[in-house]
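See structure below.
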Amino acid sequence: MGVSKTDFVRGLQCPKMLWLDSHRPEEKIIPEEVQIKLDEGNAFGDRAMSIFGAYVETTCYRADGRLDYKRMLEKTSECLKDGTPVICEAAFSWYGNYCAADILKKTTTGYELYEVKNAPAVRKEFLIDLGFQSFLLKKCGVAIEKCCLILRGEQEGEYRIEDETDAARGFERTADRKIWTFSRLKKQSEEPCVSVGEQCDEPYRCWYYEYCHGEKR
């Protein structure tokens, strides 16, 4: 039970949130307006796949409709071996820790990593996400030369690219320090004792807010 990029971002916000994701997901409450934003973000990401032209997407599903991570990893490996210029949802695993990079663009000497966010400006949690991916891809032997965010432009259908390589490399070190701590946390049977506080709403309202604050559904 390794750590994904979502686990990593959520674990930094609150370790208890990460533990609840693994042990008590039935307590999760996602407000309708939040789900709408998540769906819009997924649609935005799908549209952004073609920003660099033709691409190969590695997303694969099993017969039951769930993601086929094994096949995604295999397909990504095939694309890297074949020198595919642009890979979307490129999947990587290192000691069970996992991420799927939104866009991986080949250069003459390595790759550029792009994370797509349906937002008008850079936020810290985006950089954390980007840094975790860069850390994991490097551990998998991928030469990452640049780390960028693809954000929403001012006009409908426009994109804005921000080079955040330096910031991402800073969070690579955070990933190196925290990844095994979070992996152990996900496996432990005892619920961590974390008092409610600012982390319940920052950088966003936790989906377990009602659970931790003792509020009834």
Exercise for the section: Could you tell me whether a side-chain N or O of D64 sits under 3.5 Å from a main-chain N or O of R66, the two making a donor and an acceptor? Expected result: yes

Exercise for the section: Could you grab the distance from atom SG of C206 to atom CE of M17, nearest 0.5 Å is fine? Expected result: 4.0 Å

Completion exercise
Residues passing the salt bridge (charged side-chain N to carboxylate O under 4.0 Å, His left out) test with R160, sequence neighbours excluded, are E162

Handout entry: Step-by-step side chain to side chain contact (heavy atoms under 4.5 Å, CB included) determination, K105 to K146
Key = CA-CA 10 Å; K105 182 173 178 284; K146 189 163 69 171; over 6 Å; no

Problem - Nearest-0.5 Å distance, CG of residue D7 to CH2 of residue W19 - result: 14.5 Å

Practice task
May I ask you to decide if the ring planes of F135 and F132 are parallel, tilted or perpendicular, using 30° and 60° as cut-offs?
Solution key: tilted

Problem - Linked, directly or transitively: M72 and Y111 (ILVMFWY side chains, under 4.5 Å) - result: no

Problem - F92-Y55 co-clustered via ILVMFWY side chain contacts under 4.5 Å - result: no

Exercise for the section: Give a yes or no on whether the backbone of A100 and the side-chain of K5 come within a donor-acceptor separation of less than 3.5 Å. Expected result: yes

Exercise for the section: Using a cut-off of 6.0 Å, state whether more than 12 heavy atoms not belonging to K106 lie near its atom NZ. Expected result: yes

Practice task
May I ask you to check whether Y204 and Y209 place their ring centers less than 6.0 Å from one another?
Solution key: no

Completion exercise
S134 and I144 have their tightest heavy-atom pair at OG-CG2, 4.0 Å

Problem - Closest non-hydrogen atom pair, C14 against Q199 - result: CB-CG, 3.9 Å

Problem - Same cluster (ILVMFWY, side-chain, under 4.5 Å), F44 and L149 - result: no

Exercise for the section: Answer yes or no: are there more than 12 heavy-atom neighbours, outside E190 itself, under 6.0 Å from its atom CD? Expected result: no

Problem - Close side-chain approach of P203 to K124, heavy-atom, < 4.5 Å - result: no

Exercise for the section: Can you see which heavy atom on G131 is nearest to which on E172, and at what distance? Expected result: O-CG, 3.5 Å

Handout entry: Trace of the side chain to side chain contact (heavy atoms under 4.5 Å, CB included) decision for L20 with C212
Key = CA-CA 10 Å; L20 288 168; C212 291; 4.2 Å; yes

Handout entry: Geometric class of the Y98/Y69 ring pair [parallel <30°, tilted 30-60°, perpendicular >60°]
Key = perpendicular

Practice task
Ignoring hydrogens and angles, state whether a donor on the side chain of E89 or T59 is under 3.5 Å from an acceptor on the partner side chain.
Solution key: no

Handout entry: Separation between CD of Q13 and CG of D201, rounded to the nearest 0.5 Å
Key = 8.5 Å

Exercise for the section: Classify the ring geometry between W180 and Y95 as parallel (under 30°), tilted (30 to 60°) or perpendicular (over 60°). Expected result: perpendicular

Practice task
Could you check I29 against Y211 for side chain to side chain contact (heavy atoms under 4.5 Å, CB included), going step by step and ending with a plain yes or no?
Solution key: CA-CA 9 Å; I29 299 176; Y211 173 82; over 6 Å; no

Exercise for the section: Please tell me if the side chains of F171 and D129 come closer than 4.5 Å, counting only heavy atoms from C-beta onward. Expected result: no

Problem - Name of the residue among I103, L127, L130, L151 meeting side-chain contact (heavy atoms from CB on, under 4.5 Å) with E115 - result: L130

Exercise for the section: Would you indicate whether the side-chain heavy atoms of Y208 and K28 approach each other to under 4.5 Å? Expected result: yes

Practice task
Verify side chain to side chain contact (heavy atoms under 4.5 Å, CB included) between L137 and L104, making sure each step is shown before the conclusion.
Solution key: CA-CA 10 Å; L137 267 63; L104 197 60; 3.8 Å; yes

Problem - Shared hydrophobic cluster, L185 / V9 (ILVMFWY, side-chain heavy atoms < 4.5 Å) - result: yes

Practice task
For the pair F52 and Y114, name the ring-plane relationship: parallel under 30°, tilted 30 to 60°, perpendicular over 60°.
Solution key: tilted

Exercise for the section: For I161 and C148, work out which heavy atoms get closest and say how close. Expected result: CG2-CB, 4.0 Å

Problem - ILVMFWY network linking V142 to I87, side-chain heavy atoms under 4.5 angstrom - result: yes

Practice task
Answer yes or no: is there a side-chain heavy-atom contact under 4.5 Å between V56 and K75?
Solution key: yes

Exercise for the section: Inspect the surroundings of CD in E158 and state if more than 12 heavy atoms from other residues, nucleotides or ligands are less than 6.0 Å away. Expected result: yes

Exercise for the section: Taking atom CD of Q35 as the centre, report whether more than 12 heavy atoms of other residues, nucleotides or ligands fall under 6.0 Å from it. Expected result: yes

Practice task
Check whether any side-chain heavy atom of K117 sits under 4.5 Å from a side-chain heavy atom of I150, and report yes or no.
Solution key: no

Problem - Nearest non-hydrogen partners of C147 and T165, listed with the distance - result: N-OG1, 3.0 Å

Handout entry: Straight-line distance of D21 CG to K16 NZ, nearest 0.5 Å
Key = 13.0 Å

Practice task
Give a yes or no on whether Y61 atom OH has more than 12 heavy-atom contacts from other residues, nucleotides or ligands under 6.0 Å away.
Solution key: no

Problem - N97 side chain vs W94 backbone, donor-acceptor pair below 3.5 Å - result: yes

Problem - From C140 atom SG to L136 atom CG, the distance as rounded to the nearest 0.5 Å - result: 5.0 Å

Handout entry: salt bridge (charged side-chain N to carboxylate O under 4.0 Å, His left out) partners of E74, counting only residues at least two apart
Key = K70, R71

Handout entry: Side-chain touch T174/L12, heavy atoms, less than 4.5 angstrom
Key = yes

Handout entry: Rounded distance [0.5 Å steps], CD in E145 versus CD in E112
Key = 7.0 Å

Exercise for the section: Kindly indicate whether the side chain of I51, heavy atoms from C-beta on, has any atom under 4.5 Å from the side chain of V116. Expected result: no

Handout entry: Minimum heavy-atom distance between G2 and K186, given as atom pair plus value
Key = O-NZ, 2.6 Å

